[in-house]
Amino acid sequence: MEGAAAAAGGNSKGSGLGGLFGVGGGVGGPGYSHADLAGVPLTGMSPLSPYLNVDPRYLIQDTDEFILPTGASKTRGRFELAFFTIGGCCMTGAAFGALNGLRLGLKDTQSMAWSKPRNVQILNMVTRQGALWANTLGSLALLYSAFGVVIEKTRGAEDDLNTVAAGTMTGMLYKST
């Protein structure tokens, strides 16, 4: 095949899609080398791309990615984690409540034929149970997070004792009614 292409006056390195993507030289002539690309000397460097003229030493990341205020810790405190805890518990409660509502709705309406009233009753049960569970778990997470932050600020320490105390106080207050 190479002989036929050379005899026909074509490019001996190949053509077609391979030439388009730089495999075998292509139709446009010989491929570029890194050394003579646009006349830019690339001594002592290994470029990331033939189109970028960037010294790779500038791309090395030897410091932290974020700028923190002076004296700030690199981990999140209990107050910052409280928002994630409360939101996660609300979403989890809504999901479990919806599944429980679907189960209860199907069980309560199994004597009815599939119709619009049955669908509405099931949907009402899903919505009611989802909201109930989301409210309950969100309230528990709010109490737990608030107790945890107050205990941490009072004691001035971050340890497992704060977690145990916050959980205990949350359970006691929730069941005190």
Side-chain angles (χ1 to χ4, degrees), residues 17-18 20-23 34 45-177:
L17 289 179
L20 261 173
F21 297 111
V23 178
H34 290 301
M45 292 179 15
S46 60
L48 298 175
S49 167
Y51 304 107
L52 296 175
N53 188 14
V54 176
D55 187 358
R57 291 176 289 183
Y58 293 125
L59 300 176
I60 296 173
Q61 190 173 15
D62 57 350
T63 60
D64 290 333
E65 186 175 344
F66 301 107
I67 300 172
L68 296 170
T70 306
S73 66
K74 295 182 183 182
T75 60
R76 292 183 183 183
R78 197 177 268 275
F79 184 70
E80 288 88 4
L81 292 175
F83 295 104
F84 172 75
T85 303
I86 295 166
C89 284
C90 283
M91 296 300 285
T92 304
F96 281 121
L99 288 174
N100 188 41
L102 180 64
R103 181 186 64 83
L104 290 175
L106 289 173
K107 185 176 137 185
D108 289 348
T109 62
Q110 82 186 62
S111 63
M112 297 173 65
W114 280 106
S115 61
K116 214 173 205 179
R118 181 178 184 192
N119 292 342
V120 168
Q121 281 188 344
I122 292 172
L123 188 60
N124 285 343
M125 196 66 113
V126 166
T127 308
R128 191 177 305 127
Q129 288 292 312
L132 178 73
W133 281 53
N135 191 14
T136 302
L137 283 182
S139 299
L140 285 172
L142 179 67
L143 287 172
Y144 169 76
S145 297
F147 281 135
V149 169
V150 168
I151 292 169
E152 180 184 328
K153 297 296 180 194
T154 304
R155 290 187 63 226
E158 291 183 41
D159 56 3
D160 293 335
L161 185 61
N162 295 350
T163 303
V164 171
T168 303
M169 291 175 70
T170 300
M172 286 173 41
L173 183 63
Y174 185 73
K175 285 297 181 181
S176 67
T177 57

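Just so it is clear, the model here is predicted, and its values are computed rather than measured.
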Criterion side-chain contact (heavy atoms from CB on, under 4.5 Å) on E80 and V149, from CA distance to verdict: CA-CA 10 Å; E80 288 88 4; V149 169; over 6 Å; no
Nearest atoms (heavy-atom pairs only) where [X] meets [Y]:
X: C90; Y: A134; result: O-CB, 3.5 Å
X: S139; Y: N135; result: OG-O, 2.8 Å
X: Y144; Y: T170; result: CA-OG1, 3.1 Å

Is the shortest side-chain heavy-atom distance between [X] and [Y] below 4.5 Å?
X: W133; Y: T92; result: no
X: Y174; Y: T136; result: yes
X: Q121; Y: D108; result: no

Neighbour count >12 (heavy atoms, 6.0 Å) for atom CE, M91: no
Enclosure of D160 CG (heavy-atom neighbours >12, cutoff 6.0 Å): no
Quick one: pull up [atom1] in [X] and [atom2] in [Y] and give me the separation to the nearest 0.5 Å.
X: E152; Y: D159; atom1: CD; atom2: CG; answer: 9.0 Å
X: F79; Y: K153; atom1: CZ; atom2: NZ; answer: 8.5 Å
X: T127; Y: I122; atom1: OG1; atom2: CD1; answer: 11.5 Å
X: Q129; Y: L102; atom1: CD; atom2: CG; answer: 11.0 Å
X: T109; Y: L104; atom1: OG1; atom2: CG; answer: 10.5 Å
X: M112; Y: N119; atom1: CE; atom2: CG; answer: 9.0 Å

Side chain to side chain donor-acceptor pair (under 3.5 Å) partner of R78, chosen from T163, N162, T85: T163
